[in-house]
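These numbers were taken from a predicted model, which means no experiment stands behind them. The chains referred to below are lettered A, B, ... by the order of the sequence lines, with proteins before strands, and numbering in each begins at 1.
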Amino acid sequence: MSRLLLLDGHSLAYRAFFALPVENFSTSTGQSTNGVYGFTSMLINVLRDETPTHLAVAFDVSRQTFRTEQYAEYKAGRASTPSEFVGQVDLVKEVLNALRITHVQVDGFEADDVIATLTAQARSQGMEVLICSGDRDALQLVDDGTTLLYPRKGVSDLARMTPAAVLEKYGVPPERYSDLAALVGESSDNLPGVPGVGPKTAAKWITQFGDLSGIVDHADKLTGKAGQATRDHLDQVIRNRRLNQLVADVELPVTVDDLAVRGWDREEVHRVFDGLEFRVLRERLFATLESAEAEAEEGIEVEGTMLDAGEVAGWLSLHAGPGERVALVVQAAPRTPAGPGEATALGLAGGEHAAYLSLPEATPEDETALAVFLADRTRPKVLHEAKGQISSLELRGLPVEGVVSDTSLAAYLVRPDQRSYDLADLSLRYLRRELRLDEEDQPDGTLDLSWGDEEDTPADRAAARSLMVHARAVHDLSVALDAELADEEERSLLGEVELPLVGVLRRMEQVGIAVDLPALEALEREFGDAAEQAQQDAWEAIADDSVNLGSPKQLQVVLFETLGLPKTRRTKTGYTTDADALAGLYAQTEHPFLEALLRHRDKTRLRVTAEGLIRSVADDGRIHTTYQQTIAATGRLSSTEPNLQNIPIRTEEGRRLREMFVVGADAQGPYEALMSADYSQIEMRIMAHLSGDEGLIEAFRTGEDLHRFVGSRVFGVDPAEVTPEMRSKVKAMSYGLAYGLSAFGLSKQLGISTGEAKELMDEYFERFGGVRDYLRDVVAEARRSGFTETILGRRRHLPDLTSDNRQRREMAERMALNAPIQGSAADLIKIAMLRTEEALREAGVRSRMLLQVHDELVLEIAPGEREQVERIVREQMGAAADLRVPLDVSVGVGRSWHDAAH
DNA sequence: AGTTAAACGTA
DNA sequence: CGTACGTTTAACTT
């Protein structure tokens, strides 16, 4: 049986371009290759999986086609082709030439028309046809012998669109798809659909009236708003239908018979792939095309063993000796409010072999052998997201030592502004290896496992395979990422800071912080009652109790239509109703509704915060937050479930929430107090250090109030004569500088004219020239090198510094200003946390660290240890780095977090 | 049901 | 038209 495979070269390369991060795919000469890489990868996969006898790739020639002649707006409004994509289509053609694969393009027609024509020819000869395209228009070609392979996501997941699949997904058979598309529209072609008509409605009508002409003929019978809209847009729908019809009789320079698969040009493939620096892909290509008998392989090949009772010690001694790096992947029970669940199973991978161990099935001897291995710091382990996994093991009485890498942390240090460090993503990016872990990708029948015995169910085997595949990926990734770390400084940042910090954070999470639950519940009710009262007052003020005060949309109606108040700043969807704007309106109008509304906002917010905290209290009466170590691009930690880094402090009422965090107890008895220790003005001190500005350094060395000192220089008066207004202006500016503040932003914040703000900034920079020079140089240096760096060598890449787009470039410039400062502060407190914990351990005290809030540490103090711990914390925080200015630490103690403030 | 935008809390 | 985050709610989408 002959089988023709047709690919849409442009659409697939374009899909690949967006699926793969461009910065990870470029040659040493700077040519981007993500599009051509992804296309080639897809090509290899379909060749392997579909074994076609005939093959061609179609391309568009230009945007000018018969469709643009008929409808000038066709495919208009598209973003211009990204510069990194330019040239990649030609590279795709080079690859095809080397593989002796025919490519076809015809002036005035799109790739899909070429595909439609070839499909018609092939079908008339009784051939089976496979189309691989990212363009949905090709769905109209699907029939019993024609299947569309449509990229679902990424470059390795293709949906197999048969007639049944089309019907299932769109509710219409393939020959009616174009009718549906004409109604719904196709945004990528700039063909607008009928407003209010989605695929569901369109499919319903098509079923009801047979096809589009049936709908047109019976347009008067279409019901509802959507029906009226369709009648109003009938011409447009008919035009859409004419444009989305593919042309199946294009005159082509080739016939189907010319497309028979030929041998390929080995020399040329080597030359082209060398130029593109595709090494892994070349191996895959050769493996796929050279062995005709090569069977389809699912994901990674893993040589592994499902360990049976009594086999653990043996495996470990063979594959996990001293110095032998072993990856661990833990499967655990669901997490609880108190933290991660207990470990249930384990995947291990050494250099060659992998193993799987189900903990409930392990014998006491097995567990002992495992425990010895895990606790042995001379046997190196690597994990992905180690913190949670180690906690799960420890819950099961299996402490872990000797962790030499965490692949999520390593990947974070390499590129700190990624959204996720998902293992499968990292595997694809750094190993160029697809981690196929979906259950559906591994139907039982294809599981051909060389390990395990008859008692293992298919589900056991699938779980085992998955853990071993994970472990193998973690092992190989840890090696690959070691090489990706920029320099010795970054390796030490991982080994000496981030990795040891995992343990500190883990213990802080596990300990949690005690909460006065009854008081918190009372407070929640109090805030709730106050919110209720505010709502009543607000409703009364406008004589309307139907308004949802929490709905910005409804508020806009009330404020700007019903009450006719002056319009505020624009947002995407209307006018802002944020607190600043409402306060401004209140100042102008003194309308009682505004006062009540603001009060309602405040109280509701407090109530909701209290509510969330109550929900988070675990059975031990404490709140166990989770610290995320790979989220903030600057190097800070973040806190989730719940976020304990944004508990209110600025207002009196907000601070009452801090009173709810109290000193608690442990198995040995109660603690004495909470202690809060924070760095004062850490960011300005780092600015002084990094800039070397003599004036600012002197400010910190004299011990004079910083803003008073700076104010006296800026305004040219004695420190004693600096008024509160002068001080607050200078304070706002000092802090703003580290964020890339503009004169405009400063004027807005201080409520002064832009001119006045400009003068203020000029005067500031005149007096503190070192700061001005530093801020200028830090951006220039980052533009040159492509990244910023903190005191400990933590890098943040900012490619947008050279963007043509002003908005993006200026955003990147502000990030470049801020990242070294915020990031260095993060470095310092991380060092302080490590040393503080170590010093507390050496001192043998019971007191312990509970929270980190960027520049503050909260500790729980055991009876009689207050002075000793204060000394330790002051010393370790103060000595975290040797800066050109002192690091000032202020400490407070009390029964609650609020009382410990100072 | 799942996503996005607005609002707002912290450093 | 100042950085870095996380959470909640309403509204939008299908």
(message) Under 4.0 Å, counting only non-hydrogen atoms across every strand here, what does A/Arg569 touch: a base, just sugar-phosphate, or nothing?
(response) nothing
(request) Give the nucleotide from the list C/dC1, B/dA5, B/dT10 with an atom nearest to the side chain of A/Phe744. (result) C/dC1
(message) Counting the atoms with a prime plus P, OP1 and OP2 as sugar-phosphate, which does A/Ala579 contact under 4.0 Å by heavy atoms, base, sugar-phosphate, or nothing?
(response) sugar-phosphate
(message) Any base atoms under 4.0 Å from A/Ile647, or only sugar-phosphate, or nothing? Heavy atoms, all strands.
(response) sugar-phosphate
(request) Give A/Glu810 one of three labels, base, sugar-phosphate or nothing, depending on what nucleic acid heavy atoms sit under 4.0 Å from its own. (result) nothing
(message) Expressed as a whole number of angstroms, how long is the span from A/Asp855:CG to C/dT3:C1'?
(response) 15 Å
(request) Report which part of the nucleic acid A/Thr577 touches: base, sugar-phosphate, or nothing (heavy-atom distance under 4.0 Å, all strands). (result) sugar-phosphate
(message) Over all strands shown, is A/Ile631 touching base, sugar-phosphate only, or nothing at heavy-atom distances under 4.0 angstrom?
(response) sugar-phosphate
(message) For a quick test of reading the model: is some side-chain N or O of A/Thr640 closer than 4.0 Å to OP1 or OP2 of C/dC5?
(response) no
(request) Report the nucleotide, chosen from C/dA11, C/dC5, C/dT8, that has the shortest atom-to-atom distance to any side-chain atom of A/Gln554. (result) C/dA11
(request) For A/His600 and B/dC8, give me the distance from atom NE2 to atom P, rounded to whole Å. (result) 12 Å
(message) Quick check for you: among C/dA4, C/dT7, B/dT10, whose closest atom lies nearest to any side-chain atom of A/Asn646?
(response) B/dT10
(message) Please pick, from C/dT3, B/dA11, B/dC8, the nucleotide with the shortest atom-to-atom distance to any side-chain atom of A/Arg650.
(response) B/dA11
(request) For A/Arg601, answer base if it contacts any base atom (sugar-phosphate contacts may also be present), sugar-phosphate if it contacts only those atoms, and nothing otherwise; contact means non-hydrogen atoms under 4.0 Å. (result) sugar-phosphate
(request) Name the nucleic acid region contacted by A/Gly550, choosing base, sugar-phosphate or nothing; use a 4.0 angstrom heavy-atom cut-off, strictly under. (result) sugar-phosphate
(message) Can you measure A/Glu683 atom CD to B/dT10 atom P for me and round it to whole angstrom units?
(response) 16 Å
(message) Quick check for you: among B/dA11, C/dG6, B/dA7, whose closest atom lies nearest to any side-chain atom of A/Arg636?
(response) B/dA11
(request) For the residue pair A/Arg601 and A/Thr577, confirm or rule out a side-chain donor-acceptor distance under 3.5 Å. (result) yes
(request) Using a 4.5 Å cut-off on heavy atoms from C-beta on, say whether the side chain of A/Gln681 contacts that of A/Asp888. (result) no
(request) Answer with base, sugar-phosphate or nothing: what part of the nucleic acid does A/Met811 contact at a heavy-atom distance below 4.0 Å? (result) sugar-phosphate
(message) Is there a side-chain contact between A/Thr634 and the phosphate of C/dA4, meaning an N or O under 4.0 Å from OP1 or OP2?
(response) no
(message) In this structure, how many angstroms lie between the P atom of B/dA11 and the CD atom of A/Gln822, rounded?
(response) 13 Å
(request) Please check the phosphate of C/dC1 (OP1 and OP2 only) for any side-chain N or O of A/Arg814 closer than 4.0 Å. (result) no
(request) Provide, to the nearest angstrom, the distance between the CG atom belonging to A/Asn805 and the P atom belonging to C/dC1. (result) 12 Å
(message) Can a side-chain donor-acceptor contact be found between A/Glu498 and A/Gln629 if the only test is distance below 3.5 angstrom?
(response) yes
(message) Using whole Å, what does the distance between atom P of nucleotide C/dA4 and atom CD of A/Gln852 come to?
(response) 17 Å
(request) Select one nucleotide: of B/dA7, B/dA5, C/dT3, the one nearest the side-chain heavy atoms of A/Thr576. (result) B/dA7
(message) Please classify the nucleic acid contact of A/Arg607 as base, sugar-phosphate, or nothing, using heavy-atom distances under 4.0 Å.
(response) nothing
(request) Nearest 0.5 Å please: distance from the OH atom of A/Tyr679 over to the CD1 atom of A/Ile829. (result) 6.0 Å
(message) So, under a plain 3.5 Å distance rule, would you say the side chain of A/Asn643 forms a donor-acceptor pair with the base of C/dG6?
(response) no
(request) Assign the ring pair A/Tyr764 / A/Phe768 to parallel, tilted or perpendicular, where the plane angle (0 to 90°) is split at 30° and 60°. (result) tilted
(message) When you measure from the side chain of A/Ser551 to the backbone of A/Val547, do you find a donor-acceptor pair of N or O atoms at a distance under 3.5 Å?
(response) no
(message) Side chain of A/Thr573 only, heavy atoms from C-beta on: which candidate in B/dA6, C/dT3, C/dC5 is closest?
(response) B/dA6
(message) From OH of A/Tyr739 over to C1' of B/dA11, roughly how many Å is that when rounded to an integer?
(response) 7 Å
(message) Side chain of A/Ile649 only, heavy atoms from C-beta on: which candidate in C/dG6, B/dA6, B/dT10 is closest?
(response) B/dT10
(request) Go through B/dG9, C/dC12, B/dA7 for me and flag the one nearest to the A/Lys553 side chain. (result) C/dC12
(request) For A/Gln556 and B/dA6, give me the distance from atom CD to atom P, rounded to whole Å. (result) 9 Å
(message) Any heavy-atom pair between the side chains of A/Ser676 and A/His902 that's under 4.5 Å?
(response) yes
(message) Taking the minimum atom-to-atom distance to the side chain of A/Arg605, which one of B/dC8, C/dA10, B/dA11 wins?
(response) B/dC8
(message) So A/Ala825, base contact, sugar-phosphate only, or nothing? Heavy-atom distance under 4.0 Å.
(response) nothing
